2 protein chains.
Amino acid sequence: MSERAPKFTRDLPESRRKQLIEATARSLARHGLDGTTVRVVAAEAGVSPGLVRHHFAGMHDLIAETYRWTGKELEKVLRAALAAAPPTPEGQLHAFIDASFLTPTLDTDLLGVWLTFWSLTRTDPEIHAIHQKVYASYRRRIDELLSALAAEKKLALDTRLATLAFTALLDGLWLEHCLDAATYTAEDAATIAHDWLDSLVAGNFMATPRAAIALNAK
Amino acid sequence: MSERAPKFTRDLPESRRKQLIEATARSLARHGLDGTTVRVVAAEAGVSPGLVRHHFAGMHDLIAETYRWTGKELEKVLRAALAAAPPTPEGQLHAFIDASFLTPTLDTDLLGVWLTFWSLTRTDPEIHAIHQKVYASYRRRIDELLSALAAEKKLALDTRLATLAFTALLDGLWLEHCLDAATYTAEDAATIAHDWLDSLVAGNFMATPRAAIALNAK
DNA sequence: ATCTTTATTGAACAACTGTATAATACACAA
DNA sequence: TTGTGTATTATACAGTTGTTCAATAAAGAT
């Protein structure tokens with residue numbers, strides 16, 4: 001009875017920062033960017049609003065850090081999926097697709113946050129810089145796998161365009177699934193992507209120099 | 001000299017609403033959702049802030065109306081492109097791709113607005129409803145063309161999945177181009193999409209029941 | 001000219017935003 | 001136990017938000 005409960009518990013800066021970042025991610029997923037305020041995030045993390053400024057330069061900084069964290073989190077999941085898959089280029093790429101759509105941790109909440117960042121990328125220079133960094137590493141990985149695939153299967157492949165097509169297809173599929181989950185399932189998305197890759201392996205893709213054809217037609 | 005200039009000019013509600021909607025679209029493209037406030041929009045349209053509430057139920061309503069307007073504007077451009085193209089399914093689909101990437105009116109500004117709406121779709125019920133309506137009509141059109149294509153070319157095609165793939169590829173290509181125009185050009189995007197369609201026509205796509213294969217493999 | 005309608009203005013409002021700051025009290029060392 | 005550092009709280013603050021509303025004046029009707 002004489003022992004009073006502490007009004008709050010201290011924590012290491014590193015740990016508290018992570019809690020605030022995760023709270024921000026949850027808020028972005030649920031309430032969108034508009035609804036993600038200092039007070040909402042603080043409440044979500046179970047701390048007082050003032051603590052945000054103590055651990056971050058400001059609200060904008062917190063959101064940017066949440067972007068970086070989400071990117072790393074995503075990469076972690078994908079990396080693990082690739083490590084467990086067959087070490088062939090084809091096996092790795094198929095595993096990449098499965099990880100993108102069939103992994104429980106890649107739920108619409110986690111990916112819904114991504115949409116928020118996309119909308120910020122066009123107008124916010126700092127977010128734009130983060131975006132470039134994240135996507136450059138993302139595309140490099142795909143490009144390496146597609147190059148290895150082309151070499152192994154002896155495909156005449158424009159790996160640059162193929163990489164762009166692959167990432168665009170995955171992003172598009174996930175985007176539309178996220179915007180309206182009722183339209184199609186994650187399994188549908190995976191099927192489509194796998195099928196695209198199969199067609200690529202069969203050599204029916206990115207081999208025809210269409211641009212040259214179009215020029216001749218004129 | 002005795003004639004004083006009018007402090008403002010009146011306008012028909014319909015006309016003024018359109019001006020405000022267009023001002024909102026410009027603001028969304030330039031300053032993002034955060035920067036699009038009642039005062040900013042009013043200044044962009046050259047009117048007083050109070051006028052917004054006179055023509056719209058509120059700021060939220062204005063943004064929703066801007067979504068509807070942008071959707072119609074986009075459909076108008078696509079419809080015109082299809083009307084000018086060869087009436088064959090293949091010709092129509094290729095024209096659809098060109099219109100999506102090579103039309104001057106479909107600049108990154110107009111499409112940048114779309115991103116804003118996407119970010120709202122997940123958390124705002126009204127925007128979500130508009131999104132469903134717009135995309136349903138969008139997909140119906142593609143589905144009809146792909147069905148006609150499959151019939152003409154006698155392709156064993158899952159048109160539902162093919163439609164999803166087609167729209168996802170276009171959305172993804174445009175999205176990533178919008179987010180970082182330095183990565184690839186609109187011509188690159190068009191080339192990729194045309195190539196995908198060519199591959200589809202050649203019969204190398206969406207014909208294999210991958211799901212069944214996967215089940216047998218287990 | 002005068003009247004009527006109503007599009008338009010501009011300021012005032014309450015609510016909310018991110019931030020600044022002083023007081024507090026937890027956790028650990030001596 | 002006492003002292004020290006600082007994570008944490010709570011409040012206050014200035015700025016901005018969407019909205020309200022009475023006054024104004026433009027434009028057509030009479």
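In this text the structure is predicted, and so the values were computed from the model without any measurement. Protein chains get the first letters and strands the later ones, always in sequence-line order, with residue 1 at the start of each.
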Backbone N or O of A:Glu14 within a donor-acceptor pair of the A:His55 side chain at under 3.5 Å?
no
Salt-bridge test for A:Glu73 and A:Lys76: reply yes if a basic N is under 4.0 Å from a carboxylate O, no otherwise.
yes
From the options B:Leu78, B:Leu146, B:Leu82, B:Thr163, select the one residue that forms a side chain to side chain contact (heavy atoms under 4.5 Å, CB included) with B:Arg141.
B:Leu82
Using every non-hydrogen atom in the two residues, find where B:Leu200 and B:Leu157 come nearest and quote the distance to one decimal.
CD1-CD1, 3.7 Å
Find which nucleotide of DNA chain D each of A:Val52 and B:Met59 is nearest to by heavy atoms, and output the residue with the more 5' nucleotide.
A:Val52
Once you round it to whole Å, what is the distance between P of C:dT8 and CG of B:Leu51?
5 Å
Using atom CZ of B:Arg53 as one end and atom C1' of C:dA12 as the other, report the distance to the nearest whole Å.
16 Å
Check B:Leu170 against B:Ala193 and note the closest heavy-atom contact, atom names and distance.
CD2-CB, 3.8 Å
How many whole angstroms separate atom NZ of A:Lys7 from atom P of C:dA27?
14 Å
Going by heavy atoms in the side chains, are B:Glu65 and B:Arg17 under 4.5 Å from each other?
yes
Return the residues of residues 115-130 of chain A meeting this criterion: a heavy atom under 4.0 Å from some atom of DNA chain D. Order them by number, or give none.
none
Under 4.0 Å: is that the gap between some side-chain N or O of B:Arg16 and OP1 or OP2 of C:dT8?
yes
Nearest-nucleotide 5' precedence on DNA chain D, B:Thr9 against B:Gly50:
B:Gly50
Measure CG/A:Asp11 against P/D:dT6 and give the value in whole Å, please.
16 Å
Taking only side-chain nitrogens and oxygens of A:His55, does any of them come within less than 4.0 Å of OP1 or OP2 of D:dT8?
yes
Shortest non-hydrogen contact from B:Ala45 toward B:Gln19
CB-O, 4.3 Å
Given atom CZ of B:Phe8 and atom P of D:dA25, what is their separation to the nearest angstrom?
8 Å
Whole-Å gap separating C1' (C:dT5) and CG (B:Leu12)
14 Å
Scan A:His60 against the nucleic acid and name what it touches under 4.0 Å (heavy atoms): base, sugar-phosphate only, or nothing.
nothing
Tightest non-hydrogen contact, residues B:Leu106 and B:Ala99, listed as CD2-O, 3.2 Å
Can you see if the side chain of A:His54 gets near the phosphate of D:dA7 - specifically, an N or O under 4.0 Å from OP1 or OP2?
yes
What nucleotide, of D:dA26, C:dA25, D:dA7, holds the atom closest to the side chain of A:Pro13?
D:dA7
For A:Val41, which of A:Thr36, A:Ile63, A:Leu51, A:Thr66 qualifies under side chain to side chain contact (heavy atoms under 4.5 Å, CB included)?
A:Thr36
Could you tell me whether A:Lys72 and A:Glu75 have a side-chain N and a carboxylate O separated by less than 4.0 Å?
no
A:Leu62 CG to C:dT17 P: how many Å, rounded?
15 Å
Give me the residues of residues 24-49 of chain A where at least one heavy atom lies under 4.0 Å from an atom of DNA chain D, by number, or none.
A:Val47, A:Ser48
What is the distance, to the nearest angstrom, from the CZ atom on A:Arg17 to the C1' atom on D:dT6?
16 Å
